[in-house]
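Note sheet for the following structure.
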Amino acid sequence: MTTTPAVEAHFSLPSPVAYAAAIERLRDASRTYYGAGYSVMDDAAYDRLRLAVTSWEAEHPEDVAPDSPAGQVADGAAPVGDVAHTTRLLSLDNVFAPEGLVAWGASLGRRLGHEPTGGFTVEPKMDGAAVAARYRDGRLVQVITRGDGARGEDVSHVIGTIEGLPERLPVPATFEARGEVLFTQEQFEAANELRIAHGAGVFANPRNGAAGTLRAKDRPYRPALTFWAYGVVELDGAAFLPAGAGHAETLAAVAAAGVRTTAATPAGLHTVATLAEAQERVDAIAAMRALLPFGIDGVVVKADSAGEQAAAGFGTRFPYWAIAYKLPAVERQTVLEDVFWEVGRTGVLAPTAVLTAVELDGSTVTRATLHNPADILRRDLHIGDTVTVHKAGDIIPRVQAAVVELRPPGAVPVPLPEACPNCGGEIDRGQERWRCAKGTACALAPLIEYVAGRDVLDIDGLGRRYVDALIAAGAVGDVADLFTLTEEQLTEASGSAKRGAKLAEQIRLARSRPLSRVFCALGVPGTGRSMSRRIAAHFGTMDAIRAADAETLQDVEGIGPEKAPVIVEQLSALAPVIDKLVAAGVAMTEPRQEPAEDAADRPLTGATVVVTGRMTGPLDGWGRSEMGALIEKAGGRVGSGVNSRTTYLVAAPSASGKPSSKAVKAQELGVEVLAPEDFAALVAAYLD
Ligand code: IVH
């Protein structure tokens with residue numbers, strides 16, 4: 001895979017007038033960002049605009065505006081503090097595609113007078129705020145923002161709140177670490193909780209939040225941030241680096257002194273010999289982007305050798321020996337046009353945001369989930385708001401926050417439903433996730449259709465049409481009613497005696513499905529197929545599940561203090577349905593896993609397996625649930641996405657010859673890809 005962002009595609013400025021307007025917009029965007037702390041346009045739009053300006057300037061050098069923002073660090077808009085930097089804190093030039101990286105390599109070669117021979121380092125480009133952190137005799141004495149590159153603001157009040165930037169080092173070293181301060185995703189969520197508790201609005205995104213938090217001196221709360229160093233300079237003439245240290249060795253010295261560096265991120269710092277290998281690392285980091293615990297907006301490639309860096313030198317804005325390979329935007333700004341509500345099979349009311357179409361990480365996004373009413377209120381979302389939307393990899397797009405400063409006059413808060421949007425009945429507002437007071441009975445048809453599916457009770461032939469007919473005839477009012485249907489009722493609903501008999505037989509077979517599937521069929525919110533499997537494996541019987549209190553339920557992986565009481569409450573509300581299932585002779589036990597002694601011998605012990613696409617060969621027609629059960633029986637764990645912990649990806653070669661995104665990722669991460677036939681052979685002893 002090669003990473004070529006579509007949204008940053010070039011556009012050209014047709015005239016000097018368009019150029020003047022473009023630099024004005026660029027100036028405006030940067031002034032608002034650095035001054036008021038919000039963005040009038042997203043990064044993708046900004047990058048496009050900047051590229052148009054720099055291209056025009058390259059073609060018309062004689063007409064470049066003397067004060068063009070494109071020639072200045074931070075467009076000349078960052079607040080300039082009063083602390084002089086030891087040496088200028090520069091920015092990076094950007095490329096957006098493999099050809100750009102090759103062109104950068106060629107220009108580096110021209111500057112050096114020969115092909116670079118010292119190799120390259122490849123590391124993530126973290127999306128935060130640059131700082132210089134000064135250590136004297138092992139003590140963190142000052143933290144300074146980038147400012148205009150020559151002078152920055154003293155933000156030493158953050159000392160002690162930044163992970164990776166300890167106040168004291170284990171060695172009495174004197175040096176200045178340079179790097180990026182940001183919120184990890186977890187810290188970002190904690191920071192927003194803290195803001196809400198203090199009556200402040202949520203941050204639009206982690207980067208704006210980190211920049212604002214750094215500069216805010218007198219807030220009564222101080223959320224934790226994280227630092228990763230990507231460079232170092234000597235301070236007070238103290239010798240810190242080994243003589244002639246290249247970039248990788250420099251960062252190793254910083255890490256040895258106790259400061260976290262980019263090498264410690266999951267993306268790491270890799271040294272490669274050629275730019276072709278650097279491109280491979282860029283693609284590998286791009287593939288793991290969605291799994292990283294913090295935001296990156298690109299990958300930085302640097303000439304590793306100190307000698308070649310010195311020979312290449314610096315321009316006014318950036319070094320010639322380093323380049324940022326920008327990745328496609330995973331966050332954009334767009335307009336929240338509307339919100340609609342649907343009732344899911346568990347009776348939960350799910351809000352969906354309707355957005356003005358926006359290109360995001362290779363697809364057009366027009367919808368995003370909004371979680372629940374409390375979340376909408378916390379974010380204070382209004383219809384017509386410009387909102388930041390995030391989407392990476394296979395993750396469902398989510399609305400992050402409103403850019404409150406861009407709210408149109410008269411915009412109204414997102415209306416919350418007064419009545420159930422499906423049946424018009426009452427809403428149970430007892431939990432953060434509102435539910436129809438009728439629970440699963442409200443959206444009965446989707447629930448029964450889901451329950452009859454291959455992955456749950458596997459009642460072959462019972463599709464939506466017959467489900468609707470059974471409900472309309474009053475024969476099915478809940479899941480348990482399925483098991484007391486007569487052949488006559490099934491004949492009537494399906495319109496044929498033959499089909500009626502077949503359905504009756506299928507329902508008879510469904511009585512002996514394992515507890516995990518029966519539990520899943522209840523439609524308890526938050527207990528889909530894999531969670532139901534975990535619950536059933538943990539407790540073994542329906543009686544034991546019903547006897548569990550909220551605390552005991554939390555022994556099951558993935559059930560926390562929020563989910564546990566909801567499950568307890570729902571199970572008690574579902575008591576009549578469960579009793580009916582028992583009375584109808586439905587199995588209420590989970591077959592035990594093999595004894596622990598042979599656990600180490602099972603073919604998938606310790607393995608995490610991800611399954612994608614249609615199964616073939618002996619596994620033809622197997623659904624996700626069946627595959628999940630097979631993997632667990634054979635001693636493995638089921639993974640949802642391919643990452644560095646994945647052992648196998650089970651995927652049939654695609655008919656088109658174009659591998660799936662999971663297969664591409666697996667290849668890049670060195671994860672073994674097994675065809676369903678090979679996987680079946682591996683676990684043959686467990687195929688029953
Ligand atoms: S090197 C003289 N490495 O990206 C070299 N910068 O858009 C200057 N950044 O100003 C920077 N991760 O704030 C470098 N691994 C990394 C980086 C990185 C993030 C930031 C840095 C820089 C900006 C340029």
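The basis for the numbers below is simple: all heavy atoms, side chains too, and nothing from hydrogens, waters or symmetry mates. Note that ligands are numbered from 1 as they come in the structure, with each ligand's atoms numbered from 1 the same way. Count residues from 1 along the sequence.
Counting only heavy atoms of the protein, atom 23 (C) of ligand 1 lies nearest to Lys125 NZ, 3.8 Å. Ranking the protein heavy atoms by distance from atom 13 (O) of ligand 1 puts Glu180 OE1, 2.6 Å first. In terms of protein heavy atoms, atom 15 (N) of ligand 1 is closest to Pro124 O, 3.0 Å. Summary of contacts: the protein heavy atom closest to atom 17 (C) of ligand 1 is Tyr230 CD2, 3.4 Å. In this structure, atom 5 (C) of ligand 1 lies nearest to the protein heavy atom Pro319 CG, 3.9 Å.
By heavy-atom distance, the residue among Lys302, His247, Arg146, Gln309 lying nearest atom 10 (O) of ligand 1 is Arg146.
Residue Leu90 has at least one heavy-atom neighbour below 4.0 Å for each of these atoms of ligand 1: 8 (C), 10 (O).
Between the side chains of Gln400 and Arg398, at least one donor N or O lies within less than 3.5 Å of an accepting N or O.
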Show me the side-chain donor-acceptor pairs of residues 21-29 shorter than 3.5 Å, one per line, residues at least two apart or across chains.
unit_1	atom_1	unit_2	atom_2	d
Glu24	OE1	Arg27	NH1	2.9
Arg27	NH2	Asp67	O	3.0
Arg27	NH2	Asp67	OD2	3.3

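Between Tyr19 and Trp56, the two ring planes are parallel [angle under 30°; tilted spans 30° to 60°].
Shown are Val95, Leu108, Val300, Val299; of these, the side chain to side chain contact (heavy atoms under 4.5 Å, CB included) with Ile323 is made only by Val95.
Note on ligand 1: Gly128 sits outside its first shell, no heavy atom being nearer than 4.0 Å. Residue Ser91 places a heavy atom less than 4.0 Å from ligand 1.
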